[in-house]
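Take a look at the structure below.
Small disclaimer: the values here were computed from a predicted structure and weren't measured. We count ligands from 1, going down the list as the structure has it; atoms in each ligand are counted the same way. For the numbers below, each heavy atom of this structure counts, side chains included, while hydrogens, waters and symmetry mates do not.
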Amino acid sequence: MPIWRMLRGLPSWALPLTLGVVVLLLPLAGLGFTATRQIQLVCILALLVSGLNLSLGYAGQLALGQAAMYAAGAYTAGVLSVAGYTDILVQLVAAGVVALAVGLLTGVPGLRLGSWSLAMTSFFLVLLVPDVIAILGDVTGGRNGLSGIAGATLFGAPLGPDAFYTVVVVVAIGWFAVLRNIVVSRHGVAFRVLKQSPVLASSVGISVFRMKLLGYAIGAFPAGLAGALFANLDLYISPEAFGFTLATTVLAASILGGSTSVYGAAVGAAIMQLGPNQSTEFQQYALVFHGAFLVLGGVLLSGGLAKLFRGLVARLDRAAGLTGPPPTDPGAREVDLPALRGATLAASGVSKSFGGNQALREVTLRAEPGRVTALIGPNGSGKTTLLNMICGFYRTDAGRIGVGDTEVQRLAPHRVARVGVARTFQTPSLPAGVSVLEAVASGRYLRQRASMLAAVLRTPGFRRVRDADRAEAERVLDLVGMAHLRDAEAVSLPLGMRRLLEVARALVAEPRVLLLDEAASGMDEDEVDRLAALIRRIRDAGGTVVLVEHNFRLVLDLADDIVVLAHGQVIAHGPPSVIERDPRVVREYLGIRDADEARSTELTGERA
Ligand code: ADP
Ligand code: MG
């Protein structure tokens, strides 16, 4: 398999770029008019699909308005052309901006309300397109279509068919390069974090609304470009081209190629364009076909062709000996943990009720830097709720929560994260399709800034941030003894490892307060030992640790202070030596007759 080894040694963009250049040069091989026209239509559809892939596949926003933004782009370019502005660059920019505006205008209400309302608003947008075009009949030509579009020019020179072909392919290649750079950057991981869960996203400091909007906007832009190219391809546009059939074609191509992929968009577009869309008979039944296809595709082909391709690559890698058996665990290495600027976490009089259910009743908890504060109590006693209130996911009914000098009880979750609160989740929350290293590095989102534009252009600043993210993530992975798993898929790890990974993700944020929700549950003995060693080091480095844990031995072992909750109220607090003898704790919480038995028992029981 030497050829395969050589291919794998190339950077990941080399092959797609080569293919792009081949397509670019095809007219030189004497390709006829019909063939070049089809290739241009593939490029145009690929632009549309790639936008959907970003907003739906990566950011998880069910936005179906691609066809409407495409129409906006096409009519912008067409109207400009009729008015005499034939320069293709001017039209591309204008069409991209108008598509963006239409996308934002229609996206914002949907994004505010949630994913299904976004699907609804964008869906209605598509249905409205022909009517809007008809209403604006004076400029758009109404249902008769817009004719009189002049051939495109570039810097004053008219573009012949071959030159225009070059423009279309170059725009497509350029856009795919932009998309690829976004997807492999920290912003691409941030989109996947958002898709996994908005709660997770805000816990690492990502503004959920802003990120959704960005994903949606970036998805709209290529649709505008596609529209401008389409208007100049046939020099005639009419409302039928932008209807519901197109919307379903785009969705079908996305799912076929694999929504969570960059180049899958081009593959899906090529198959849809060169396959079924060819015959006129098919056009009649397109909607039925697409509908059936979407249902089947959704069921049988999750991940699309991109997933099959990744599977094939993995197999070839194995055959070529590029991936041996997973490397053995070298154990935790000695790595320095730099000093942490822990802050005092002070919650006082915090109450919260969900309807009639009083989950927390005037809870007071104080956690100091350089100390481990354990929060224990039976299931349903309010431990997770208290962590969620500290993180800003729920509003307090009463009470105050301070982190250092900052009051956080009124802050949005991503702002609380920026104040320095990091956490793990009772049910580990990790984005799909992301490596262990990337998942850990996502915890550094708020530590350093590197704009999306910097990521697209790969500026030196962007590279610095990326390298620092990686170095820091590797260091912490070493610390938890998971360095050998850095390239594994994060979600595929066993539960205990995923918990350690979450701690690592929280730690790279250099948090001032670290909240661990049932950190050790589901861990084997070795993992519990690693976790305990890690928590001690975080404490010794000056971190503030709040540990929610059911393993009573571990709590007695690790905690400097223990707070006991029952039915949403603090029933005891103090050092372990006091708590393990407190008759009320032993009776009410542990449900065990004497204290000696308590010390030797790992608490089990239903986990919420
Ligand atoms: P613990 O983490 O100690 O097991 P929780 O904080 O998860 O307990 O739950 C405390 C109480 O609050 C439970 O009665 C639970 O049903 C309730 N609760 C927690 N979150 C919500 C919510 N989002 N909506 C309604 N009730 C909730
Ligand atoms: Mg809980």
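If you look at Asn357 next to ligand 1, the close heavy atoms, those under 4.0 Å, all belong to the side chain.
Between Ala566, Gly380, Ser381, Gly377, it is Gly380 that holds the heavy atom closest to atom 4 (O) of ligand 1.
With Leu360 as reference, Met389 is the one residue of Gln569, Lys383, Met389 to meet the side-chain contact (heavy atoms from CB on, under 4.5 Å) rule. For the pairing with Met523, the side-chain contact (heavy atoms from CB on, under 4.5 Å) check across Leu500, Leu554, Leu495, Asn551 returns one residue only, Leu500. Among Asp561, Thr344, Thr544, the one residue that satisfies the side-chain hydrogen bond (donor to acceptor under 3.5 Å, both in side chains) test with Arg371 is Asp561.
Atoms of ligand 1 found under 4.0 Å from any heavy atom of Thr385, numbered from 1 in the order shown, are 5 (P), 6 (O), 9 (O), 10 (C), 12 (O), 19 (C). Close approach of ligand 1 to Tyr394 (heavy-atom distance below 4.0 Å) involves ligand atoms 20 (N), 22 (C), 23 (N).
The Mg ion (ligand 2) lies at 2.8 Å or more from every N, O or S atom belonging to Thr385.
For Phe123, the ring pair (Phe, Tyr, Trp, His ring centres under 6.0 Å) partners two or more places apart in sequence, or in a different chain, are Phe244. Checked against side-chain hydrogen bond (donor to acceptor under 3.5 Å, both in side chains), Asp582 has no partners two or more places apart in sequence or in another chain.
To the nearest 10 degrees, the angle centred on the Mg ion (ligand 2) between OE1 in Gln426 and OG1 in Thr384 reads 80°.
One finds the OG1 atom of Thr364 at 10.5 Å from the CZ atom of Arg366 (value rounded to the nearest 0.5 Å).
In terms of N/O distances under 3.5 Å, ligand 1 is not approached by Ala359.
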